2 protein chains.
Amino acid sequence: MARGQKIDHQELHTTILNVATQIIKDEGMKCLSIRKIAKKIGCAVGTLYNVFNSIDDIFLSINVATMTRLHKQLQQEAQGEPDPLAAMILLGRGYVAFSRDNYHLWSLLVDHKMQLGRTLPENVQGKIDDLFLLVSGMVAPLVSNDREKADQAAKVLWASLHGVCSLAMSGKLDTVKAEAADVLAESLVRNYLLGLQVK
Amino acid sequence: MARGQKIDHQELHTTILNVATQIIKDEGMKCLSIRKIAKKIGCAVGTLYNVFNSIDDIFLSINVATMTRLHKQLQQEAQGEPDPLAAMILLGRGYVAFSRDNYHLWSLLVDHKMQLGRTLPENVQGKIDDLFLLVSGMVAPLVSNDREKADQAAKVLWASLHGVCSLAMSGKLDTVKAEAADVLAESLVRNYLLGLQVK
DNA sequence: AAGTAGAATGAACACTGTTCATTAACAGGG
DNA sequence: CCCTGTTAATGAACAGTGTTCATTCTACTT
């Protein structure tokens with residue numbers, strides 16, 4: 001890329017994200033480096049810093065995109081199922097499926113951590129909230145639309161689903177393979193929600 | 001340390017682990033480096049490689065120690081409670097407390113991943129199994145001592161507890177602070193186990 | 001045509017884990 | 001007591017990492 005050449009800033013932005021996303025899809029986040037992106041694009045490392053403040057910003061942007069896709073997929077997965085419990089089980093299975101089908105991107109999503117002291121940018125937190133609200137809204141009918149109860153249940157379910165996928169993926173659940181994760185997820189969602197309704 | 005000087009191999013081993021553990025406790029795993037350990041001990045970097053094969057081996061050794069402590073603490077926490085449900089709730093709270101009180105060490109435990117293709121050493125997998133068996137044994141009385149049911153429930157609970165702590169710690173549960181994690185954990189354990197016993 | 005603003009550049013810096021030829025200290029034999 | 005292995009501590013060197021910034025070149029304005 002010639003010096004001083006004015007290129008479409010927005011275009012470069014998306015190119016960087018596309019290239020970075022592809023590397024992560026193929027090789028995982030540990031194999032992503034600034035120089036690798038620059039080499040694949042055909043520009044200098046410094047150029048990337050004119051578009052993103054740090055490699056962390058690139059990670060965060062990718063995560064926002066991943067969460068947007070996840071949200072859409074979960075919505076589609078559960079929509080049309082009138083029974084709230086059945087819908088929530090579908091959502092659980094959908095989450096497991098997403099984490100399996102997007103292993104490296106999902107790993108980035110859950111493994112990436114802010115450096116100590118820094119908080120999540122609001123657009124990232126917003127996406128988290130969106131996902132949380134999706135779950136909360138689905139749980140509400142099961143707890144007499146008690147907002148507080150629904151929020152707590154949603155937090156428990158969301159975090160638990162995350163835990164099941166997380167341990168299943170990293171092989172830390174002993175003999176549990178990725179295929180079995182959806183069985184665990186269904187057991188989790190069904191029994192937790194049943195338990196909530198006991199008396 | 002003078003060249004060629006024969007020092008107690010075992011002593012150096014534990015010294016390295018102690019120093020590394022202290023750094024992680026104070027600053028987190030991202031701040032641990034081979035050179036930092038060497039500097040604090042007062043030896044060369046190469047010396048560390050005579051004792052450990054890689055920095056990953058150091059991480060794994062620390063994780064084994066952490067899991068041993070966690071196992072002991074959970075055992076103490078729940079022992080003496082005759083009611084299985086109440087005992088399991090105690091275990092859940094104990095787990096949350098441990099992750100709160102040992103933030104950096106616990107983070108290392110859950111964040112550390114084998115590089116692709118490599119599997120966990122058997123002593124590490126053994127410690128995971130120990131913890132899992134602890135939970136499985138406690139759940140058994142609640143599912144008519146059905147081994148298979150108990151194993152599945154233990155997997156669900158263990159993974160879910162992990163998820164609750166994980167998201168609570170990283171601030172990804174929105175307004176949920178670390179103090180509230182034990183409330184979520186209790187909700188999780190109680191209602192899941194109640195649900196399991198419905199009908 | 002000259003001047004200016006802006007961005008692409010890549011060398012440089014301070015780090016990382018890991019390797020390995022060098023070298024110093026010890027142990028045993030003559 | 002010296003000499004000779006053997007052993008292990010050493011730290012420079014290597015190939016990486018993210019990040020910075022003075023330089024340089026282009027495109028646009030006056």
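Sequence lines set the chain letters: A, B, ... in the order given, protein chains first and strands last, and positions in each chain run from 1. The shown structure was predicted, so the numbers you read here are calculated from the model rather than taken from an experiment.
With no hydrogens or angles considered, a side-chain donor-acceptor pair links Asp26(B) and Gln22(B) at under 3.5 Å. For the residue pair Ser187(A) / Tyr192(B), a side-chain donor-acceptor distance below 3.5 Å is found, with atom types taken as modelled.
Within 6.0 Å of NZ in Lys149(B) there are 12 or fewer heavy atoms belonging to other residues, nucleotides or ligands.
Of all nucleotides listed (dT16(C), dA8(C), dT19(D)), dT16(C) comes nearest to the side chain of Ser33(B). Of the candidates dT19(D), dT9(C), dG17(C), dT9(C) carries the atom nearest the Cys43(A) side chain, counting heavy atoms from C-beta on.
Atom CZ in Phe52(A) sits about 16 Å away from atom C1' in dA8(C), given to the nearest Å. Regarding Gln115(A), its CD atom lies at a distance of 14 Å from the P atom of dG18(D), rounded to whole Å. One interatomic measurement links the two molecules: NZ of Lys30(B) to C1' of dC15(C), which rounds to 15 Å at whole-angstrom precision. As rounded to whole Å, 11 Å separates atom P of dT16(C) from atom CD1 of Ile23(B). Going from atom CE of Met29(B) over to atom P of dG17(C) covers 11 Å, rounded to whole Å. As rounded to whole Å, 19 Å separates atom P of dC15(C) from atom CD1 of Ile55(A). A straight line from CD1 of Ile37(B) to C1' of dT18(C) spans 14 Å, rounded to a whole angstrom. Atom pair Phe59(A):CZ and dT19(D):P shows a separation of 10 Å (rounding to whole Å applied).
Salt-bridge annotation for Asp56(B) and Arg118(B): absent, with no side-chain N of the basic residue lying under 4.0 Å from a carboxylate O of the acidic one. Ion pairing between a basic and an acidic side chain is recognised when a charged N comes within 4.0 Å of a carboxylate O; Glu186(B) and Arg93(B) show such pairing. Ionic pairing of Glu77(B) and Lys72(B) is not present here: no N-O contact between side-chain nitrogen and carboxylate oxygen is shorter than 4.0 angstrom.
Between the axis at the start and the axis at the end of the helix from dA1(C)-dT30(D) to dG30(C)-dC1(D) there is an angle of 30°, using five pairs per end and rounding to 10 degrees.
Residue whose closest nucleotide on DNA chain C sits further toward the 5' end, between Tyr49(B) and Asn50(A): Asn50(A). Both Ile34(A) and Gly46(A) sit near DNA chain D, but only Ile34(A) has its closest nucleotide nearer the 5' end.
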Look for any protein N or O under 3.5 Å of an N or O in nucleotides 12-14 of chain C and output each such pair with its distance, or none.
{"residue": "dA12(C)", "atom": "N6", "partner": "Arg35(A)", "partner atom": "NH2", "Å": "3.4"}

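Residue Met169(B) holds its CE atom at 7.5 Å from OG of Ser107(B), rounded to the nearest 0.5 Å.
Using the six-membered ring where Trp is involved, Trp106(B) and His162(B) have ring planes that are tilted, between 30° and 60° apart.
With sequence neighbours left out, the salt bridge (charged side-chain N to carboxylate O under 4.0 Å, His left out) criterion links Lys127(A) to no other residue.
Using a 4.0 Å heavy-atom distance criterion, Ile58(B) is classed as making no nucleic acid contact.
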